[in-house]
Protein chains: 2
Amino acid sequence: MHPEIEKRYLAFAQSKKLRQTSQRDAIVEEVFRTDEHFNAEELMDRMKKTGIHPSRATVYRTLSLLTEANLLKEIDLGDELTTYDPNFLDRPSHNHLVCVDCSKVIEFEDDHLETLNECLSKRLGFQAVSQTLRIEACCDKLRLQGRCENLIAARLSGKKLKKRR
Amino acid sequence: MHPEIEKRYLAFAQSKKLRQTSQRDAIVEEVFRTDEHFNAEELMDRMKKTGIHPSRATVYRTLSLLTEANLLKEIDLGDELTTYDPNFLDRPSHNHLVCVDCSKVIEFEDDHLETLNECLSKRLGFQAVSQTLRIEACCDKLRLQGRCENLIAARLSGKKLKKRR
DNA sequence: GTTATTGCAAATGATTTGCACAAGG
DNA sequence: CCTTGTGCAAATCATTTGCAATAAC
C-alpha cells in the first residue's frame, strides 16, 4: 500500500473517530494492494483469499468510507454495477477507455482535456468541479488481426462481458 | 414530433414487424413531444396527463425499443437511475454538464472533443465508437450572487436533488 | 461501560420477466 | 386464427438498513 494512502487513511480514520477492526483493516489493505479496478463482488472474492471473511455489509460500508475519504472513486464503466478505482491519488484526473469487445479498461490522462474542461465550463458560466470521460472503442488488434489476447483471456476466465447497449 | 424521428421510427417499426398499439403510439408521441430529458418515472407521470395510462412494463419495453432504434439514448447523469435523452438525432455528439447545486443539465457540443477523442483512441490503438463526457460544475450565479433560479425552481417543484458523491 | 462495528436477514428501488388475457393484422 | 403486445404481479439484483450481538477503547 502506497505510504501516502496509508497516511491519508489514518488521518481520515482519526478525524472520524473510526475504531480499528480486523475486518476494516483487511479490506483497506486489500483494496490498495494492487491498482486494479474492482466491484463489490470481486472484492468479496479477493477478501476470501486473505482468510478474513467480512460480511457484504461491511465491505460496502468500508467502500463508502474510502470514497468519502477520497481515497477511492466510484466510476461508471457502462455496466449496471459500481466500479471502484483506487488510482486517483496517483493520477487525479485520468479517464477511461473501455474496449467494447473485451471490456478491457485503459486509463489515460490528457492535458488537453483539462484545458477543454476549463474553457467549456467558463463558456457556459460554470466552475468545473469534476469531469468524467468514458470512451468506448474497439481495439485495432481484434479488427485488423482478428484476435485479441484480452478477449481470449476474458473468455477463458469466464469474465462476464459487458452487454452492448 | 420531428418528421425525421417519425420517419425513422416507422422504418424501425416496419423492419421489426411491430404492431401498432395505442399505448406504444402514445408513448412515442410523448417522448418526442419536447426535447427534455426524463427518466421512466417522469415519463409515467407525463403519460397520465395524456389520458393514456400504459403500464410501467410497457413504458420500459417501449423505451428499450426506442433505444435499440437509436432514437433515444440512455445517459448517466450521476444519479442512480437511467435518464433518457431524445436529442441525439439533432445533435449526435453532444455531452452534458450537470450543476452540482441545482442538478440543472446543460447540453453542449464541442468540436475539440471529437478531435481529442480521435487522437486519443488512435494513440492508444483503438477505434473510437462513442464517448461520454459528463462535467460536474457549480454555476457562477449561485457562487457570485448567492442565488440561482434553477435551484429555487428545483426546490419549489420538490425535485429531488442529486446526492453529492 | 459506552459507543462504534459487525453480521444477518429483511428492505429498497429501479428494472425485468413469466404468464394469462387482449388486440393487431 | 396466429402472433405480438399489454398488464399484473412476482422476480432480480446491487446496494442499503434495522437490529441484536460483539468488540474497541
Side-chain angles (χ1 to χ4, degrees), chain A residues 9-10 12-31 37-45 47-48 50-69 72-84 160 162-163 165, chain B residues 9-10 12-31 37-45 47-48 50-69 72-84 160 162-163 165:
Chain A
Y9 173 66
L10 290 176
F12 176 79
Q14 193 162 27
S15 77
K16 295 267 289 185
K17 298 189 190 28
L18 299 185
R19 287 177 181 175
Q20 190 168 347
T21 69
S22 59
Q23 292 94 328
R24 197 151 54 199
D25 284 354
I27 294 170
V28 175
E29 186 69 33
E30 182 59 31
V31 160
H37 298 152
F38 58 89
N39 58 47
E41 197 59 34
E42 288 164 352
L43 181 56
M44 288 289 290
D45 290 344
M47 289 315 297
K48 275 179 202 147
T50 70
I52 296 193
H53 297 226
S55 68
R56 199 173 301 274
T58 297
V59 166
Y60 274 106
R61 285 188 274 236
T62 304
L63 289 173
S64 292
L65 283 173
L66 292 174
T67 302
E68 188 190 336
L72 213 50
K73 201 162 154 184
E74 300 177 339
I75 61 174
D76 169 30
L77 257 29
D79 49 15
E80 52 295 315
L81 37 70
T82 303
T83 299
Y84 295 87
K160 108 179 121 175
K162 225 170 298 298
K163 58 178 172 187
R165 290 229 170 157
Chain B
Y9 174 66
L10 290 176
F12 176 78
Q14 193 162 28
S15 77
K16 294 268 290 185
K17 298 193 191 25
L18 299 185
R19 289 178 180 174
Q20 191 168 348
T21 69
S22 59
Q23 293 94 327
R24 196 151 54 198
D25 284 354
I27 294 170
V28 174
E29 186 69 33
E30 182 58 32
V31 161
H37 298 153
F38 58 90
N39 59 47
E41 198 59 35
E42 288 165 350
L43 181 56
M44 288 290 288
D45 289 345
M47 290 314 297
K48 275 178 202 148
T50 70
I52 295 193
H53 298 225
S55 68
R56 199 173 301 276
T58 297
V59 166
Y60 273 106
R61 284 189 275 236
T62 305
L63 289 173
S64 292
L65 283 172
L66 292 174
T67 303
E68 187 188 338
L72 215 49
K73 201 162 152 182
E74 301 178 339
I75 60 173
D76 169 31
L77 258 28
D79 48 14
E80 54 294 317
L81 37 68
T82 303
T83 299
Y84 295 87
K160 113 179 115 170
K162 225 170 300 296
K163 58 177 172 187
R165 290 228 169 155

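Being a predicted model, the structure only gives us computed values, none of them experimental. Chain A is the first sequence line, chain B the second, and so forth, proteins listed ahead of strands; every chain is numbered from 1.
Following rounding to the nearest Å, B:Lys17 (NZ) and D:dG5 (C1') show an atom-to-atom distance of 16 Å. Rounded to whole Å, the distance from CG on B:Asp25 to P on D:dT6 is 9 Å. Rounded to an integer number of Å, the gap from B:Leu81 CG to D:dC13 C1' is 16 Å. Taking atom CZ on B:Arg56 and atom P on D:dG5, their separation rounds to 21 Å, with Å as the unit. If you take CG of A:Leu63 and C1' of D:dA14, they are 13 Å apart, rounded to a whole angstrom. To the nearest angstrom, C1' of D:dC8 lies 17 Å from NE2 of B:His53. Taking atom CD on B:Glu80 and atom C1' on D:dT15, their separation rounds to 11 Å, with Å as the unit. If you take CD of A:Glu42 and P of D:dT15, they are 11 Å apart, rounded to a whole angstrom.
For the pair B:Thr58 (side chain) and B:Pro54 (backbone), a donor-acceptor distance under 3.5 Å is absent. Under the 3.5 Å distance criterion, the side-chain polar atoms of B:Arg24 are left unmatched by any main-chain donor or acceptor of B:Leu18. At distances below 3.5 Å, at least one donor-acceptor pair connects side-chain atoms of B:Glu42 with backbone N or O atoms of B:Asn39.
Note: B:Ser55 OG to B:Met47 CE = 11.0 Å, rounded to the nearest 0.5 Å. Distance CD1/B:Ile52 to CD/B:Glu30: 10.5 Å, rounded to 0.5 Å.
By the salt bridge (Lys or Arg N to Asp or Glu O under 4.0 Å) test, A:Asp76 pairs with A:Arg134, sequence neighbours left out. Looking at residues two or more places apart in sequence or on another chain, you find a ring pair (Phe, Tyr, Trp, His ring centres under 6.0 Å) between B:Phe38 and B:Tyr84. Legend: residues meeting side-chain contact (heavy atoms from CB on, under 4.5 Å) with B:Leu10, ordered by chain and number and at least two apart, are B:Glu6. In this structure, A:Lys17 has no salt bridge (Lys or Arg N to Asp or Glu O under 4.0 Å) partners at least two apart in sequence or on a different chain.
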B/S/- contact track for nucleotides 20-25 of chain C, protein heavy atom under 4.0 Å: ---BBS

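In terms of phosphate contacts, B:Arg24 brings a side-chain nitrogen or oxygen within less than 4.0 Å of OP1 or OP2 of D:dG5. The phosphate of D:dG5 (OP1 or OP2) has no side-chain N or O of B:Thr58 nearer than 4.0 angstrom.
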Polar pairs (N or O, both sides) under 3.5 Å between protein and nucleotides 17-19 of chain C?
none

